Engineer: 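Please see the structure below; I have some questions.
Naming convention: chains lettered A, B, ... in sequence-line order (proteins, then strands); numbering from 1 in each chain. Keep in mind the model is a prediction, meaning the values are calculated, not measured.
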Amino acid sequence: MDLALTGDQLALRESVAGLFAEQATPERVRAAEARGHDAALWRVLVQSGVPTMGVPEELGGGGATVSDLVVVAIEAGRRVAPVDLPGAWAAAHLLAGSPAGHGLVGAVGAGEVLPALALRPLRNGSAGPVAGAAAADVVVALDGDELVALSRPEGTVAEPLPDLAAAALAEVSTAVWSQRRVLATGAAAVRAHADAGSLWRVLTAAALEGLRQEALRLGVAYVLDRHAFGVPIAWFQTVQHRLADVATAGDGAELLVHEAAWARDTGDPRAAALARMAFLFAARTAQETAAASLHFHGGYGYTLEYDVQLYYRRARGWPLALGAPRHELRALATDLFAGAA
Amino acid sequence: MDLALTGDQLALRESVAGLFAEQATPERVRAAEARGHDAALWRVLVQSGVPTMGVPEELGGGGATVSDLVVVAIEAGRRVAPVDLPGAWAAAHLLAGSPAGHGLVGAVGAGEVLPALALRPLRNGSAGPVAGAAAADVVVALDGDELVALSRPEGTVAEPLPDLAAAALAEVSTAVWSQRRVLATGAAAVRAHADAGSLWRVLTAAALEGLRQEALRLGVAYVLDRHAFGVPIAWFQTVQHRLADVATAGDGAELLVHEAAWARDTGDPRAAALARMAFLFAARTAQETAAASLHFHGGYGYTLEYDVQLYYRRARGWPLALGAPRHELRALATDLFAGAA
Amino acid sequence: MDFVESDSLAQFRTAAREWADEHVDPGWVELEHATGTHHNPDLHALLGRQGLLGAGWPAAYGGTDVDPGLALAVFQEIGARGLRMDGWVTTEMVARTILAVATEEARQAIVPAALRGEVVIVLGYTEPGSGSDVAAARMRAVRDGDEWVVNGSKMFTSTAHVATHVFLLARTNTEVAKHRGLTLFLARLDAPGVEVQPVHTLGGQRTNATFYSDVRVPDAMRIGDVDGGWGVMRVALVHERGTAPAPGGPTLVQRVAAWARHAPGDDGGVLFDDPAVQEELARLAVDDEVSRLLALKVRWVASTGGMPGIEGSMAKLWSSEAEQRRGAVLTDLLGEQALLRVEHGTGRGSGGAPLDGAVEWAYRKAPVSTIYGGTSEVQREIVAERRLGLPRSRPAG
Amino acid sequence: MDFVESDSLAQFRTAAREWADEHVDPGWVELEHATGTHHNPDLHALLGRQGLLGAGWPAAYGGTDVDPGLALAVFQEIGARGLRMDGWVTTEMVARTILAVATEEARQAIVPAALRGEVVIVLGYTEPGSGSDVAAARMRAVRDGDEWVVNGSKMFTSTAHVATHVFLLARTNTEVAKHRGLTLFLARLDAPGVEVQPVHTLGGQRTNATFYSDVRVPDAMRIGDVDGGWGVMRVALVHERGTAPAPGGPTLVQRVAAWARHAPGDDGGVLFDDPAVQEELARLAVDDEVSRLLALKVRWVASTGGMPGIEGSMAKLWSSEAEQRRGAVLTDLLGEQALLRVEHGTGRGSGGAPLDGAVEWAYRKAPVSTIYGGTSEVQREIVAERRLGLPRSRPAG
């Protein structure tokens, strides 16, 4: 048992924390809200090798573990950085898993292609609204029993849909995303797509965990600073206890995210279930923390001038990309309890 | 609009409150826990005409409205009186609704017969555990499309099952309850049974509302009396706010119970839905109130010496007699939303 | 007991619907969303001209002979069509307070004009440095002959950019405990020295920060006694919380349920087939019924001549917390469909989002419900102290 | 990171199972339920004789050469079979405290005997008039030569009726602030003047009220400095919260899920087919995993030489609140089946209740979880102050 980050991970964390603090300032985050994507930030990430850091080294990637990606995702989430790293990483994972995708992996590493993942299989040629798709050049999707990399003919655009989380949402339909490259077929395709979805859950959970930590920090800083009735509002027991509750759940969420990454890296049989648990719990905890933090900001928390609203919207919006959580809970129950009776 | 009790109802309340305060003391309640029924209290209630007070006057009953019964049920619930008034009233309502039951109504009024209601239809000759049945002489049940009054041959007993709420629980099967009198058949039987269930919901909601009021009073009295850190624990903001929350929900529960009774008395088309709402919300509110009150009693609340545990157990046990609340919620959704689209 | 609120309301429903069909411009809803201003000057002026604002008020102060039942039905119909009348809500509250505590001169100057729709009053209690602790107001008012000179700033002065007056809480005495040195004034928003700056919010509503620099207010527009502002605010508060009737029309939960009966579900059926969806909708419907009943009780207490202070706190506490639960539950219920946002005014996003983005919007505007008009913490304190008799625990400040 | 707690534990699982098969009487569980005593003297003595209690302790104080991994596996197996070892939990905690702060005489007198299973120590902190406010203890200890004379009473002295010693918090100085006048003593429960009265609880556990009348305790059995009791308790506290491993065996949620896969559902299928049942079980499983991880973190911090005070509070807060959610959710999930109670010792109710009444019982015992060992309020205060750096808000007392 060792619940500490490795020395390398601590160094990685410091490095990416600095990057996001500089490149994903609240001003930059606000400026990117209309499109849901900060192209300049993405270029910096490409220069640092971040989009392909999880790709095997022999394909030109960084060969990082999921635990390493989680370290980066937490820091991105902390700054609500306007780039869809979980989607891009999961899509790159699928491209790297098929010889037909290796060319695209190289293009992702070179910054020529930005990939995204359609989490839900296509139905009648449509994947519905897909986070990241409005900024993406390639969307990896499951179409029947084919895993495909879809792209648009030159000159066409993926119309961004305004959305709660400024998540570069766009409808993905094969009418617009008409160029396809088949990455895998049959059971292997379905399995690969499910596996990428599981990876996406862990990485999104990590981003939500970073978001949660900063939302808590914003709330604690505000209640220590703001006075009412002659005392800092941090003095009030109900303020303290609600923050203590979300901080406690937060420690649990942080552990669960790291455990899910560890389980994936070590091939633990609980990996898929832990990915769902981490996703569900990180989402819920981020939502409760952001809501508490916003509430304790009083009326100011509700104004667009304060940063906490950026966190409040994304805490709910990011996980909604996967759909209604009831399906995730049912799938988790099946994973946990529907094996040999 | 008039949200006050009538003068007659105020007088009724005062009278039954006195009766239960005298006859359902905490000592008597504890003494009746093993059997779930206080026969001496039942005799007093018979003398006052309470078991048949909702029966039409022409059948020898009191002709009371559901709103009147609610006044009595609240006072019974306040003392967690060890008699199953909601079940007895709902059963008497069914007996009174059929000429074949009129003889039994007279026997109920005379104190010769104690009736109970099987809330769930019989399946393979069994209604499962039925609250009140261990003390009852007659159980009214729906068997297929027959509404029947079941009784036991002389000398047989309904073995009481120990239960969370000391609710005189017993399995009801036609093997033991082998004597049957048919009250109604076909659609009329099914309709009558559903209608009695709806009445039971309103009356159980009322009993839970009385329970809730007393659980709150116990909690408030304790936190005002008990000191910690040199102040009454009522001084602590988290204690105050949790009690304020349950008190607020409690005002809502009280209104909802009275509204459900009013809707039934006036034939309002929302009556069935309001009965379910009152039942669900009174249960939840009683549970939350009893749990808060017990918690603020500290370790003493957990001992059998203190009364709050009597309330904590029944707050959950009484409504469980109907089964899992998810079914009730689904039925409510159907009532509310599945009409003309 | 009798839970029928008004036997006469039903008879005015048809008339109200016809009135709205004739007068309410369907484009106003989009305008309200696009501007974030919960007040429509054209509508307000019309209601004033037709005597609907003055229904039920004393004739001596501009009351009209329009039946209050009709006015209520019209206001509910306006609400059912998605329009809010925040300007009238605050104007009515201050006008009632003026009738209760102000000089005859102020009554005659303000109330009839307010009922004609010519005066629109907004609230100026909260300051940048005071939220729940309203009595900490630092705005100063200093007497200068027959006038007062006001300096300071107010925050969350909603509707001020389309109003004529602001009801200002100002400090007139610094030598006494903070609650005892406050006075209320009705200042003109077009007076020299007043500045209004927009503040935009998460829920899309525009509010304002307002600044006051040597603004002069005649003593006749002082509302209530000098240093008696705290008592005046308590009078006003009773008129604020929950005595207004609920808007008519289907609730958000009812709209989502109706939508779910046709929206595609997971197995070829509709969303409403999912039992967990049914359970969530049923739970929210219970929440709504409790909100409705607690608000009904407020109006009932008021109708019997009582002061529904505690009941108002309970109604506000419950309904605002329920609003937040609703936003969370419904976004989860809709899943990715709840992400879709409709940007009013630009046309972006329209068409794709279920219920015109109502659920996404409900989630964004929910947080303010437990803050404005007294936070949940303040309401719980009122219930704990005044209903349950628990001791005051917070510092006096 | 590495979430595998002990690589060696797996290797002892089989041995532990065999040990339990040989030594654990299946009737002990029923006995524990029937008596409400969470301590089995026969089992305890056996564990002492076989050196399992002394595994990993220093040899100089009676430590044995039994592998601590085996001992841990045996304790977990005992837990998995439904037996609790409350007597050992408190004995171990006090013995560790004695090693840390007591005189060599006390160490030698107590620790080896405790590890042999001959001494069983229970806690005597709480009094009828002090709950969360432990420092308000009124029990008096007055020095008389080489002895102390103790008078007062203790509440919730669980296991005292089958123990040999009690760890008493007593006031030795009334002239100083209440935290500074306390001292800890180890008193014999068979000493003249000690009286033990049973107290029965909602969850069926028997606890005790204990009374002390001129009870004499040698100064050698004073644990820590005179008036230094508060510091000693802080040492003991670290050994109390959450450093013990979780019991093995399936959780209640896993047991209910397994049951629901065969229990009849509503439409001819099984209960587990109901999607809402699946959702509830999944939510509870997440709660359990979080409880497990927070407890793991406590043990990890302790294993690295840290003092897991805050982590212990978090683990206790989360798992106890989760236990209450679980009790509420599972009773609702089972419906009328959750009413059925098993009366251990009488045989009444056995057979009919699902899972031998485990859900009904879980609901009854849940309330104490947020009270004993520091209420949730106390844990939140610790987290708020020490993790979040928020100011102390409660009165000093």
Engineer: If you count heavy-atom pairs under 4.5 Å with chain D, which of A/L243, A/D251, A/D265, A/L280 comes out on top?
Structural biologist: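 Among A/L243, A/D251, A/D265, A/L280, the one with the most close pairs to chain D is A/D251.
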
Engineer: How close do A/L256 and D/V290 get, counting heavy atoms only, and between which atoms?
Structural biologist: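 The pair with the smallest heavy-atom distance is CD2-CG2, 4.0 Å.
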
Engineer: Go through the atoms of D/L293 and report whether side chain, backbone, both or neither lie under 4.5 Å from a heavy atom of chain A.
Structural biologist: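 Contact with chain A involves both backbone and side-chain atoms of D/L293.
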
Engineer: Grab the two heavy atoms, one from A/L216 and one from D/L388, that are nearest each other, plus how far apart they are.
Structural biologist: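 Heavy atoms of A/L216 and D/L388 come nearest at CD2-CD2, 4.1 Å.
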
Engineer: With a 4.5 angstrom heavy-atom cut-off, could you sort out which part of D/E289 is near chain A: side chain, backbone, both or neither?
Structural biologist: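 Only the side chain of D/E289 comes within 4.5 Å of chain A.
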
Engineer: Is chain A contacted by the side chain of D/E280, its backbone, both, or neither, given a heavy-atom distance below 4.5 Å?
Structural biologist: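 No part of it gets close to chain A.
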
Engineer: Can you say whether A/R284 sits under 4.5 Å from chain D via the side chain, the backbone, both, or neither, judging by heavy atoms?
Structural biologist: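 The side chain, not the backbone.
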
Engineer: Which is it for D/R292 and A/E259 under the salt bridge (Lys or Arg N to Asp or Glu O under 4.0 Å) test, yes or no, and what are the steps along the way?
Structural biologist: CA-CA 12 Å; D/R292 198 184 71 79; A/E259 188 191 30; 2.7 Å; yes

Engineer: Taking side chain as C-beta onward, heavy atoms only, is D/V253 less than 4.5 Å from A/L336?
Structural biologist: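 Sidechains of A/L336 and D/V253: no contact.
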
Engineer: Taking all heavy atoms of A/T248 and all of D/W318, pick out the closest pair and write down the distance.
Structural biologist: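 A/T248 and D/W318 have their closest heavy atoms at CG2-CB, 4.0 Å.
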
Engineer: At a 4.5 Å cut-off on heavy atoms, which part of D/R387 comes close to chain A: side chain, backbone, both, or neither?
Structural biologist: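 Contact with chain A involves the side chain of D/R387 alone.
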
Engineer: Does A/D245 reach the side chain of D/E321, with side-chain heavy atoms less than 4.5 Å apart?
Structural biologist: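 When only atoms from C-beta onward are counted, D/E321 and A/D245 do not touch, as no gap falls below 4.5 Å.
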
Engineer: Rounded to the nearest 0.5 Å, what separates atom CG in A/L3 from atom CZ in D/R299?
Structural biologist: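 One gets 10.0 Å once the value is rounded to the nearest 0.5 Å.
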
Engineer: Quick one: which of D/V301, D/T304, D/L294 has the most heavy-atom pairs under 4.5 Å with chain A, could you say?
Structural biologist: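 Ranked by contacts with chain A, first place is D/L294.
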
Engineer: Non-hydrogen atoms of chain A under 4.5 Å away: do they reach the side chain of D/A285, the backbone, both or neither?
Structural biologist: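 Contact with chain A: backbone and side chain both.
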
Engineer: Less than 4.5 Å to any heavy atom of chain A: does that hold for the side chain of D/L296, its backbone, both, or neither?
Structural biologist: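 Both parts, backbone and side chain.
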
Engineer: Quick one: does any side-chain atom of A/Q240 pair with a main-chain N or O of D/P391 as donor and acceptor, under 3.5 Å?
Structural biologist: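 Looks like yes, one N/O pair under 3.5 Å.
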
Engineer: OG1/A/T266 to CE/D/M1 distance, rounded to the nearest 0.5 angstrom?
Structural biologist: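 So the OG1 of A/T266 and the CE of D/M1 are separated by 13.5 Å.
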
Engineer: Looking only at non-hydrogen atoms, find the nearest pair between D/L390 and A/A234 and report the distance.
Structural biologist: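 Residues D/L390 and A/A234, closest heavy atoms: CD2-CB, 4.0 Å.
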
Engineer: Distance from A/E328 atom CD to D/E279 atom CD, nearest 0.5 Å?
Structural biologist: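 The CD atom of D/E279 is 11.5 Å from CD of A/E328, to the nearest 0.5 Å.
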
Engineer: Using a 4.5 angstrom heavy-atom cutoff, name the option from A/G252, A/A4, A/A253, A/A278 with the most pairs to chain D.
Structural biologist: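 Winner by heavy-atom pair count: A/A4.
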
Engineer: Does D/R261 reach the main-chain N or O of A/F337 with its side chain, forming a donor-acceptor pair under 3.5 Å?
Structural biologist: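 Checked: pair present.
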
Engineer: Which one wins on heavy-atom pair count under 4.5 Å against chain A: D/A260, D/S303, D/P275?
Structural biologist: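 The candidate making the most pairs under 4.5 Å is D/P275.
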
Engineer: Nearest 0.5 Å, please: how far is CD in D/Q379 from NE2 in A/H241?
Structural biologist: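 Output value for this atom pair is 10.5 Å.
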
Engineer: Within a 6.0 Å radius of atom CZ on A/R123, are there more than 12 heavy atoms belonging to other residues, nucleotides or ligands?
Structural biologist: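 Counting other residues, nucleotides and ligands, CZ of A/R123 stays at 12 neighbours or fewer.
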
Engineer: Tell me, out of A/R326, A/Q237, A/R242, who's got the most heavy-atom pairs with chain D below 4.5 Å.
Structural biologist: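 Looking at each option in turn, the highest pair count goes to A/R326.
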
